Structure formats: C-alpha cells, structure tokens
Amino acid sequence: MRRAIRESVFSREGSDLADEYIIHFDNVTKKYKNTSHPAVDRLTVGIKPGEFITILGGSGSGKTTVLKMVNRIIEPTSGTIYFKGRDIMTLEPDKLRREIGYVIQQGGLFPHMTVEDNIALLPDCLKQDRKKTRERVRELLRLVRLDPDVYKDRYPRQLSGGQQQRVSIARALIADPDVLLMDEPFGAIDAVIRAELQEELREIHKQFRKTILFVTHDVQEAMYLGTRVLVMREGVMQQFDTPANVLMNKNNRYVAEIVGNRGEIQRMLMLKAKDLAKPYSPGDHGPQLDIEADMERVFELFMRDTSAECIVLTNKSEPVMTIWRSDLLSAGKSHD
Ligand code: ADP
Ligand code: MG
C-alpha cells in the first residue's frame with residue numbers, strides 16, 4: 001500500500017523506545033462519573049504488531065471503552081496506555097488518530113457527502129495533494145471490492161449496509177494506519193454479507209499486516225477472526241488467549257458460560273476433521289492433517305497457517321479431503 005499520505009507521529013528517536021508491543025495497557029482503569037463500578041478495571045494487556053485481537057463480552061462489559069481509550073476518545077482514570085512504546089497521553093490526539101483507523105457499527109459516514117469525499121475526509125482536511133488522494137480513494141475502493149466508477153459518487157443512503165461498512169473500512173485505511181479499531185463493525189449486517197466482509201478483513205489483515213482490535217459479542221466471529229481473543233466481563237478481563245485455548249481451556253465459569261453454552265460451539269468441538277471436509281480436488285494445497293484429527297487440531301492448524309484450506313490424509317498418507325477455512329464458521333450449526 002502506498003505510503004505517500006502517511007505522516008508518522010514517530011520521529012526516529014521515538015521508534016527506538018518502542019518495545020515489542022504496539023499497544024500496551026498497563027493497569028488501566030476507567031471509571032465514568034456518577035457510576036458505582038469502573039467500566040474497565042485494572043486492565044493489563046500487551047498487543048504485538050500484526051495481531052488480530054477480538055474483544056468478546058456481553059453488553060456493558062467495557063469493550064467499547066477499551067477501544068476508545070486507544071485513540072483517546074476516552075481517557076483512562078488511571079494507568080497508562082503505550083502506543084509503540086510511548087505513553088499516549090504525551091502524543092497529540094490528532095496525530096495519534098492518524099496512525100489508528102477507526103470503524104464503528106453503523107459506519108459513521110457523513111450522509112451529505114459522497115463515498116469519495118467520505119473516504120478522502122482526512123487528507124482533504126490536511127490539504128494534501130488532491131489528485132494523489134483521489135487516486136488513493138480508487139485504490140481503496142477496489143481493495144474493499146467496490147468498483148470506483150460505480151460507487152465513488154454515490155451517497156451513503158444509496159448503499160446497502162454491507163457496502164457502507166466497506167466504505168468505512170476504506171476510510172479507516174486512508175492514512176495507511178498501523179492499527180485498526182473496529183467496534184462491532186459487522187453487527188448490523190446479515191449473515192451472508194457478514195461472512196464476505198469477514199473474509200475480506202482477514203485478507204486485508206494478512207496482506208498489510210495491520211494490528212486489529214475488533215469488538216464483537218458474537219462468539220463465532222471472535223473465534224474465527226481473532227489470533228487472540230480478549231474476553232471481558234463487567235470491566236474485568238477474564239481470559240486473553242488463542243481461540244483454541246479459549247474454547248478448550250475456559251479460564252472460569254463466566255468464559256464457559258459465554259463461550260461454552262452455545263450449542264453450535266459444543267457441536268463443533270465434537271466434530272472430527274472428516275466431518276467438515278469436502279472432496280479433495282487436485283490443486284488444493286495447504287497444511288496436512290490426519291483423517292481422525294479432532295477439531296482442536298483443525299483450529300490449531302488454521303491458527304498457525306494462513307492457508308485457506310488444509311488437506312486431510314488417509315492413514316496411507318493419500319490426500320482424500322479438503323477442509324476450507326470458511327467452513328469452520330458454519331461448522332456445528334444444526335441443520336434442523
Ligand atoms: P460495551 O461496549 O461492552 O457494551 P461500554 O464500554 O460501552 O461496554 O460500557 C461499559 C460500562 O460503562 C457500561 O456499564 C456503561 O453503561 C458504562 N458507560 C459507558 N459509557 C459511559 C458514559 N459516557 N458515562 C457513564 N457510563 C458509561
Ligand atoms: Mg460497545
């Protein structure tokens with residue numbers, strides 16, 4: 001992706017200070033005025049560059065507060081948040097936000113502005129080269145699979161919900177930020193389009209190595225997208241681990257409740273590799289798996305490898321079936 005528009009907040013000497021975390025919450029608490037309990041309670045968590053963190057929890061568990069503290073829409077009551085090793089309170093909020101794309105549930109597009117102007121908002125405000133910006137808007141529209149010639153002059157109301165979310169993702173990417181914050185971005189999108197958007201987001205994550213913090217209350221979405229899942233309840237972090245570990249070794253009763261009581265997850269875990277496999281066709285390629293492997297192995301494999309598919313072998317080591325990553329999502333759904 002082009003770097004022309006990018007203007008880093010980080011001088012050379014600043015980057016020397018960066019530790020291994022791109023975002024680091026150190027004992028962070030947020031208590032809103034006139035409330036009895038903190039919305040986020042002593043959160044300590046380090047996020048490495050390139051991770052895709054899903055934040056999972058019920059309504060009111062503090063997910064949005066966690067996200068909004070990263071770009072200083074909300075400021076912590078106590079504790080410190082580091083971005084690339086620097087306390088965000090020492091950074092200028094506007095510059096910080098240029099490094100951090102932000103996508104909310106209803107897209108947050110301006111209704112009176114065209115798609116193109118919505119996406120170009122930030123560089124236009126900064127009076128950056130208009131021609132370059134327009135070219136970049138086209139590039140981004142293609143990236144989110146909207147034909148620029150068809151969509152750039154439309155207004156948000158002339159788009160479906162899914163298309164509006166594509167535009168907000170494009171807008172969040174305009175300054176080529178290292179981090180994307182996404183607050184239930186697909187929450188209002190129907191299942192089919194949602195699955196498409198999930199695939200596209202995975203692709204963007206993989207291709208551009210963005211660090212993503214993605215809030216959802218959908219267990220499957222959290223497990224499917226996240227390299228690690230942060231489970232929240234009443235402002236307190238309950239578990240922060242890979243999806244496989246959250247599913248297999250639930251840290252406490254609450255995690256079990258939110259993750260384990262779901263029939264489809266239970267059913268999914270009882271499946272074997274062969275239950276989700278499709279017939280193998282020559283040309284399918286990817287990591288290999290034994291036909292008797294359980295779901296834990298399947299998860300592990302997809303976690304370690306970015307391949308879209310994996311190959312199931314017979315006990316004579318011949319490829320017989322293929323498991324597609326995209327089928328993991330629907331695995332365990334009952335058909336009755
Ligand atoms: P989630 O995104 O998980 O639903 P939030 O972070 O929005 O949770 O909210 C966490 C808690 O903080 C909730 O109890 C909510 O009512 C409270 N809260 C959120 N925003 C405010 C605010 N501006 N003023 C007071 N309380 C708030
Ligand atoms: Mg929220």
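Fair warning: this is a prediction, and the values are worked out from it, not measured in the lab. Values reported hereafter were calculated over all heavy atoms of this structure, with side chains retained and with hydrogens, waters and symmetry mates removed. When a ligand or atom number is given, it counts from 1 through the structure's own listing order.
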Any donor-acceptor N or O pair under 3.5 Å, side chains His217, Glu184 | yes
Strictly under 4.0 Å, does any heavy atom of Gly235 approach an atom of ligand 1?
-> no
Within a radius below 2.8 Å of the Mg ion (ligand 2), how many protein N, O or S atoms are present?
-> 1
Short N-O contact, Arg134 and Asp124, less than 4.0 angstrom = yes
Do any N or O atoms from the side chain of Gln239 and from the backbone of Met237 form a donor-acceptor pair under 3.5 angstrom?
-> no
Note: Arg136-Glu139 ion pair, threshold 4.0 Å (strictly below) = yes
Apply the test ring pair (Phe, Tyr, Trp, His ring centres under 6.0 Å) to residues Phe83 and Tyr21: give CA-CA distance (whole Å), side-chain angles for both, the deciding distance (0.1 Å), then the verdict.
-> CA-CA 8 Å; Phe83 181 58; Tyr21 297 131; over 10 Å; no
Measure the distance from atom 6 (O) of ligand 1 to every protein heavy atom, then report the residue, atom name and distance (to 0.1 Å) of the closest one.
-> Thr65 OG1, 2.5 Å
Under the 3.5 angstrom rule, does the side chain of Ser61 hit a backbone N or O of Glu234 as a donor-acceptor pair?
-> no
Atoms of ligand 1 less than 4.0 Å from Ser59 heavy atoms?
-> 4 (O)
In ligand 1, which numbered atoms sit nearer than 4.0 Å to a non-hydrogen atom of Gly58?
-> 3 (O)
No-hydrogen, no-angle side-chain donor-acceptor test under 3.5 Å, Asp183 and Gln105 = no
Which atoms of ligand 1 are found less than 4.0 Å from any heavy atom of Thr35?
-> 25 (C), 26 (N)
What do you think, any protein heavy atom under 4.0 angstrom from atom 21 (C) of ligand 1?
-> yes
SB check Glu75 Lys30 (cutoff 4.0 Å) | no
Salt bridge (Lys or Arg N to Asp or Glu O under 4.0 Å) with Glu99: which of Lys210, Arg86, Lys84?
-> Lys84
Top protein contact for atom 27 (C) of ligand 1, by heavy-atom distance | Tyr32 CD1, 3.2 Å
Report the part of Val40 in contact with ligand 1, treating N, CA, C, O as backbone and CB onward as side chain, heavy atoms under 4.0 Å; options are side chain, backbone, both, neither.
-> neither
Side-chain contact, heavy-atom cut-off 4.5 Å: Tyr151 with Gln163?
-> yes
Could you tell me whether some N/O pair between Lys63 and ligand 1 is separated by less than 3.5 angstrom?
-> yes
Nearest non-hydrogen protein atom, atom 8 (O) of ligand 1 = Gly62 N, 3.2 Å
Out of Ser61, Gly60, Pro38, indicate the one that has the non-hydrogen atom closest to atom 4 (O) of ligand 1.
-> Gly60
For atom 7 (O) of ligand 1, the protein heavy atom that lies nearest, with its residue and separation | Thr64 CB, 3.7 Å
Using a strict 4.0 Å threshold on nitrogen-to-oxygen distance, state whether Asp149 and Arg138 make a salt bridge.
-> yes
Say whether Tyr224 and Glu199, considering side chains only, have a donor N or O and an acceptor N or O under 3.5 Å apart.
-> yes
Does Gly57 have a non-hydrogen atom less than 4.0 Å from ligand 1?
-> no
N-O pairing of Arg145 and Glu196 below 4.0 Å | no
Run the numbers for me: atoms of ligand 1, each under 4.0 Å from some heavy atom of Ala39, listed by number.
-> 10 (C), 11 (C), 12 (O)
